[in-house]
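Below, all heavy atoms of this structure are taken into account, side chains as well, without hydrogens, waters or symmetry copies. Chain letters run A, B, ... following the sequence lines, proteins first and then strands; every chain starts at 1. These numbers were taken from a predicted model, which means no experiment stands behind them.
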Protein chains: 2
Amino acid sequence: MLKLTKKADYGLIALKYLAEHPEKTAVSAKDVADAYGIPAQLLAKILQQLTKSGLLKSHAGMNGGYALARDPGKISTFEVILAIDGPFFITSCTKGAKDCELSHNCTIKEPLARVNDTIAGVLKSISISDLTDHESAEGHAGDIAKIGLVSLSTHVVEAK
Amino acid sequence: MLKLTKKADYGLIALKYLAEHPEKTAVSAKDVADAYGIPAQLLAKILQQLTKSGLLKSHAGMNGGYALARDPGKISTFEVILAIDGPFFITSCTKGAKDCELSHNCTIKEPLARVNDTIAGVLKSISISDLTDHESAEGHAGDIAKIGLVSLSTHVVEAK
DNA sequence: CTTAATTACGACCTAAGCGGTCGGATATTC
DNA sequence: GAATATCCGACCGCTTAGGTCGTAATTAAG
Ligand code: FES
Ligand code: FES
């Protein structure tokens with residue numbers, strides 16, 4: 001029901017942690033897992049996925065671990081979710097495939113695709129550093145979200 | 001992975017169908033199901049849920065069926081999804097409950113809650129009649145989505 | 001060189017939720 | 001009272017999310 005997976009949640013937590021500790025050259029999966037009570041082996045696999053996707057750099061062996069591959073401001077939450085959960089679509093039937101046999105008469109998948117793009121855009125606009133900013137996030141994302149909410153809320157009232 | 005359920009999909013299809021056929025005073029679940037190849041019994045239950053939620057009016061017996069309880073322009077997709085899939089949160093851990101024991105150290109649920117609100121706002125801004133509008137939907141929702149995408153895309157470029 | 005830390009990878013397991021079906025009860029019209 | 005319908009709960013198979021286990025490969029420290 002439209003919620004992102006716990007894996008993605010964990011991944012975002014880990015990335016935020018890395019962004020908040022730039023002094024450490026490498027952080028082990030176990031460190032992060034212990035810090036937040038996340039199952040260590042699970043988090044390890046998640047970080048491996050993020051490494052394969054190029055969002056993290058890894059270093060095996062003692063004192064090894066993971067580090068951000070890029071500036072945290074240049075890693076969007078969209079990329080993270082994409083790397084962990086794979087391509088996501090709000091429609092249960094991906095229009096590109098033969099997934100659903102109703103697709104030819106389904107009249108709502110087109111407008112919903114636009115909603116999908118909107119959500120993707122929001123996610124793309126939020127970087128890891130936006131998550132890191134303490135207090136109410138004041139990055140671009142915060143502003144955009146606010147704009148979106150304000151301009152929407154007027155219509156919401158109307159719709160209510 | 002952040003997709004809405006097929007039930008919600010079906011529900012939206014049915015509501016759109018009702019909105020498109022205002023001449024019919026009542027449409028049976030079977031009619032809609034047959035029109036789109038949706039399992040009839042399943043759709044029936046969905047429409048019943050929508051009725052309980054006050055989005056539809058039902059009438060049993062011959063020539064009975066369902067009809068929109070309100071103007072299609074005053075029924076938001078958010079309400080539909082809410083009625084069918086229940087309250088949705090993008091965070092796997094609902095902050096209101098004791099759902100996740102990490103909640104006290106989880107540092108991302110707060111910023112994600114804002115994302116959640118933004119998405120909810122988008123959904124609230126899109127009514128059934130917006131879905132009905134043929135061609136690229138040109139309701140408030142279309143504009144808003146466009147605004148959101150445009151203003152976001154600039155930042156996306158920056159993030160890329 | 002041995003040992004410990006740590007990534008990397010795949011098989012596997014379990015519980016939950018989704019999508020769907022069945023059977024019956026109730027209401028309404030003809 | 002027969003034909004249509006909505007209503008409602010139980011049930012069920014399948015997929016997936018969430019998590020574990022075991023093991024191999026890599027690296028640093030002693
Ligand atoms: S495309 Fe399958 S139900 Fe919409
Ligand atoms: S609150 Fe549970 S992981 Fe974020």
Side-chain angles (χ1 to χ4, degrees), chain A residues 1-11 13-14 18 24-34 36-53 55-67 69 81 84-86 88 91-93 99-102, chain B residues 1-11 13-14 18 24-34 36-53 55-67 69 81 84-89 91-93 99-102:
Chain A
M1 58 182 79
L2 206 52
K3 67 173 62 163
L4 53 78
T5 63
K6 229 166 195 172
K7 290 184 187 179
D9 204 356
Y10 291 161
I13 292 175
L18 290 176
K24 307 193 180 185
T25 66
V27 179
S28 76
K30 189 171 185 308
D31 283 351
V32 181
D34 289 351
Y36 294 98
I38 301 173
Q41 313 209 60
L42 180 57
L43 182 61
K45 281 207 300 190
I46 294 169
L47 296 184
Q48 286 161 24
Q49 276 187 278
L50 293 176
T51 302
K52 276 198 297 185
S53 303
L55 300 180
L56 290 179
K57 287 181 304 180
S58 66
H59 184 56
M62 284 188 77
N63 297 330
Y66 299 90
I81 296 172
I84 296 175
D85 287 341
F88 84 108
T91 50
S92 19
C93 326
D99 209 15
C100 176
E101 279 314 314
L102 313 178
Chain B
M1 56 183 80
L2 204 51
K3 65 174 63 165
L4 52 80
T5 63
K6 230 164 194 172
K7 290 184 188 179
D9 205 356
Y10 291 160
I13 292 175
L18 289 176
K24 308 193 178 185
T25 66
V27 178
S28 75
K30 190 173 185 306
D31 283 350
V32 182
D34 289 349
Y36 293 99
I38 301 173
Q41 312 209 61
L42 180 57
L43 182 60
K45 280 206 303 189
I46 294 169
L47 296 183
Q48 284 161 26
Q49 275 186 278
L50 293 176
T51 303
K52 276 198 298 185
S53 303
L55 300 180
L56 290 179
K57 287 182 304 180
S58 65
H59 183 55
M62 285 187 76
N63 299 329
Y66 297 92
I81 296 172
I84 296 175
D85 288 341
F88 84 108
F89 297 98
T91 49
S92 17
C93 327
D99 209 15
C100 176
E101 278 314 314
L102 315 177

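The distance from atom NZ of K52(B) to atom P of dT6(D) is 15 Å, rounded to the nearest whole Å. Distance, Q49(B) CD to dG19(C) P: 12 Å, rounded to whole Å. One interatomic measurement links the two molecules: CG of D9(A) to C1' of dG19(D), which rounds to 15 Å at whole-angstrom precision. Whole-Å rounding puts the K7(A) NZ to dT16(D) P distance at 12 Å. Straight-line distance from the NE2 atom of H59(A) to the C1' atom of dA8(C): 14 Å, rounded to whole Å. Between L50(A) atom CG and dT7(C) atom C1' the separation is 14 Å, expressed in whole Å. We find that CG of D34(B) is positioned 14 Å from C1' of dT4(D), with the value rounded to whole Å. Note: NZ (K6(A)) to P (dA17(D)) measures 14 Å, nearest angstrom.
If you take CG on L50(B) and CD1 on I84(B), they are separated by 4.5 Å, rounding to the nearest 0.5 Å. Rounded to the nearest 0.5 Å, atoms CD (Q48(A)) and CG (L43(A)) are 9.5 Å apart. Expressed to the nearest 0.5 Å, how far OG1 of T51(B) lies from OH of Y66(B) amounts to 5.0 Å. Expressed to the nearest 0.5 Å, how far NZ of K3(A) lies from NZ of K3(B) amounts to 15.5 Å. Put simply, NZ on K24(A) and CG on D31(A) are 6.0 Å apart, with the number rounded to the nearest 0.5 Å. Put simply, CD1 on I81(B) and CG on D9(B) are 9.5 Å apart, with the number rounded to the nearest 0.5 Å.
Each of A40(A) and G64(B) lies near DNA chain D, and the nucleotide nearest G64(B) is the one positioned closer to the 5' end. Along DNA chain D, the nucleotide closest to P39(A) and the one closest to G65(B) are compared, and the more 5′ of them pairs with G65(B). Mapping N63(B) and A8(B) onto DNA chain C by nearest heavy atom places A8(B) closer to the 5' end of the strand. Position along DNA chain C of the nearest nucleotide to M62(A) versus S58(A) favours M62(A) as the more 5'-ward residue.
Contact of the I38(A) side chain with the I46(A) side chain is not registered, since no non-hydrogen atoms from C-beta on lie closer than 4.5 Å.
In this model, the phosphate group of dG19(C) is not approached by any side-chain N or O of Y10(B) to a distance below 4.0 Å at OP1 or OP2.
The side chain of Y66(A) approaches dA8(C) more closely than any other nucleotide in the set dG18(D), dT28(C), dA8(C).
Less than 4.0 Å separates DNA chain C from at least one heavy atom of each of the following residues of residues 41-48 of chain A: K45(A), Q48(A).
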